[in-house]
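Reminder, nothing fancy here: chain letters follow the sequence lines and each chain counts from 1. All values reported here derive from a predicted model rather than from experimental measurement.
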There are 2 protein chains.
Amino acid sequence: MRREFKKKSRVLLIDDNYEHLAGIRELLNLEGTFDVVGIATNITVGLNLIKKYQPEIVLLDMNMPEKDGLQGILEIAKLDLGTKVLALSGYDDADLIFRAMKLGAKGYVLKTMASAQLIYAIEEVLNGKIYLPLALSSRFFEYFQQSFRQESEKEEVEEENLLSYLTQREEEVLELLTQGITYKGVASKLFISETTVKTHVNNIFQKLQVNDRTQAVLYAINNGFLTKKVKMAV
Amino acid sequence: MRREFKKKSRVLLIDDNYEHLAGIRELLNLEGTFDVVGIATNITVGLNLIKKYQPEIVLLDMNMPEKDGLQGILEIAKLDLGTKVLALSGYDDADLIFRAMKLGAKGYVLKTMASAQLIYAIEEVLNGKIYLPLALSSRFFEYFQQSFRQESEKEEVEEENLLSYLTQREEEVLELLTQGITYKGVASKLFISETTVKTHVNNIFQKLQVNDRTQAVLYAINNGFLTKKVKMAV
DNA sequence: GATTTTCTAGACCATGTGGTCTATATCTTA
DNA sequence: TAAGATATAGACCACATGGTCTAGAAAATC
C-alpha cells in the first residue's frame, strides 16, 4: 500500500456535538494518514471551511438542529468541488439513510460503530467507493423495496380504474389523443373514418366520465395509462 | 443458535447450468440445515415446483436464456406465496443488480463468491434480512446515485425550456388548462374576459410551439410544469 | 421620457370538438 | 339461435377552439 508516501487526505468534520467532533479529530490524527483541515459545529461555517480548504472528504453529522444534514449534503454538492460526503448519524433511520444516499452521500456510518470501521469507511470513500455497512444497507433496502412495493400496489389498484373499461380500440384511440392528435389525424392513423373516431372518443368520454379530450388525457396520465408501458419495464 | 433442532429450511434452485445446480445442491445438502426440495433449469418448471413445494427461499440465476431472471422474480412474486428470492449471477452488472433489488429480490450473490458466503447469504435472507455483499451494494449505489444525478441534471436543463418564456399570467392560464378547464371557466376563475383568455392561450401556443391545448398540457406535464412543485422535496 | 412588455379585450371566421341518434357487420357468449 | 358487445360510419347541430388582426392601459425597462 505504501500509504505513508502518499499525501495525507484532507478531512473536514461537521457535527454540532463538539465532544464528538474533538474525539473524531483525535482519532484521525492518531491514524496519521489524515489531515483534519477543519471542524465546524454547523453547516454554514462548514460550507465556508470547505470552500477555503477544499477537503477531499467531509464527515457530516445528519442529526443537527437548524439546517439538517440532508440540506448540508445538497449544499456541499452545489459547491461543485467534488467533495465526498460521509454521513454520520446516531440512528439507523431508514428514511434518513435513503435520502442521504439519494442526495449523493458516499457513505453512511453510525456513531456507535467501532473506530476501525469509521477509518475503513473513510478510506473506502476516499478510494472512490461507496460504503454502507451491511446493517445499514439492509435497512436501506427494506425501505427501498417497500417504496417500490407501495408503488406497484398503487398501480394495481389503478388497474381497477375506469381505464379498464375501455375496449382495445378505444385504448388505441386514447393513446393517439394523448399525443395531441386531431380526429382527422387519428382517423388516418387507424385507417377509419373521422366519424368512427368521434364515436370511439365519445364512448371513451362516457367511460372515463369526462367531458373533453384534455380531461381524458389528464385522466389517462394520472392513472398510469402512459407510464404503464414505459415505467418499470422490468 | 441450536439450529440443529429447527426444521430444515426448504430451498429451491433455478439455474440453466445443471452443473452449477448440482454443485449448489451438494453444498447445501452437506451443510445439513437446508432441504433442497427441487431444482429446475428454467423459470417455467421452477414456478411449478414452487407452487408444489412452497420453498421458503429460491436461489434464482439471473442470466438465463428465454425468460430471464428478472421476469422470474416478478412471476415468483405474483404467486404470492411469500417466497424469498436470492438472486445468483455470474456478473456484477449494476443495472441487473438494481433491477433485481427493485423487483424485490432479498439478496444478490455472485457465483464466484465463496460457498461460505452463499450459505451466509441464504441464512440472512431466511432470517428476514436483505443481503447484498459490500462489493455489490457498492455497485448498486453507484448506479442508484447516478440515476438520481441524471434526473436532477435533466430537471435543470428542463428549466431552460420553453416554459420559461411564459409570463406569470400565462402560467396561471396554463395551469388551469392542465386541469381541463374551458375558456369560459378560466375566464371566470381569473376574473377576465373570455377573449383575454383566448389571447393568452394563443400566446402560450406560440411560445410552446404547439397547436392546441392538449399538446400544451402534454408539454407542460412532460417538462415538469406540474411536478416541479411536488417532486424531490428532499 | 421613450420603448418594450404585459395584460386586457374586441371582431371575424374557419374549423375542430362534443352530443345525440341511427344503423350495419362482425364476433362473442349465453 | 338469440342477445350482447364491438367496430364501423353517417347525419345534424351547437358551440368550443384556434388564427389573425387591432388596440388601449398599465407596468417595467432603458
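Remark: the B:Thr182 side chain and the D:dA16 base include no donor-acceptor N/O pair separated by less than 3.5 Å.
Here A:Asn202 does not reach the OP1 or OP2 of C:dG18: none of its side-chain N or O atoms lies under 4.0 Å away. The side chain of B:Tyr183 places no N or O atom within less than 4.0 Å of a non-bridging phosphate oxygen (OP1 or OP2) of D:dC15. Phosphate proximity of C:dT8 to B:Thr196: absent, as no side-chain N or O sits under 4.0 Å from OP1 or OP2. Listed pair B:Thr167 / C:dC7 meets the phosphate criterion, a side-chain N or O lying under 4.0 Å from OP1 or OP2.
In this structure, the CD atom of B:Glu170 is 8 Å from the C1' atom of C:dT6, given to the nearest Å. Between the P atom of C:dG19 and the NZ atom of A:Lys198 lies a distance of 10 Å, rounded to the nearest Å. Remark: P of C:dT15 and CD1 of A:Ile181 are 21 Å apart, rounded to the nearest angstrom. Atom CG of A:Leu190 is separated from atom C1' of D:dT6 by 15 Å (rounded to the nearest Å). Atom P of nucleotide C:dT6 and atom CD of B:Gln206 are separated by 13 Å, given to the nearest angstrom. The CD1-P distance, from B:Ile192 to D:dA26, rounds to 17 Å in whole Å. Look at CZ on B:Phe205: it is 12 Å from C1' on D:dA16, rounded to the nearest Å. In this structure, OH of B:Tyr165 is placed 13 Å from P of C:dT6, rounded to the nearest angstrom.
Closest to the side chain of B:Arg169, out of C:dG16, D:dG10, C:dT8, is C:dT8. Ranking C:dG10, C:dG18, D:dG10 by closeness to the B:Ser193 side chain, first place goes to C:dG10.
The residue A:Lys184 sits close only to the backbone: its heavy atoms come under 4.0 Å of sugar-phosphate atoms, none of a base. Counting non-hydrogen atoms under 4.0 angstrom, B:Asn203 reaches nothing in the nucleic acid. Nucleic acid contact for A:Thr195: base, since at least one base atom lies under 4.0 Å from a heavy atom of the residue.
Here the closest heavy-atom approach between residue A:Ile43 and residue A:Ile14 is recorded as N-CG2, 4.3 Å.
Mapping B:Lys207 and B:Asp212 onto DNA chain C by nearest heavy atom places B:Lys207 closer to the 5' end of the strand.
No more than 12 heavy atoms of other residues, nucleotides or ligands lie within 6.0 Å of NZ in A:Lys129, so this atom counts as exposed by the packing criterion.
A:Phe98 and A:Tyr143 have tilted rings, their planes meeting at an angle from 30° to 60° on a 0 to 90° scale. A perpendicular orientation is assigned to the rings of A:Phe141 and A:Phe144, their planes being inclined by more than 60° (bins at 30° and 60°).
A donor-acceptor contact shorter than 3.5 Å links the side chain of B:Gln215 to the backbone of B:Asn211.
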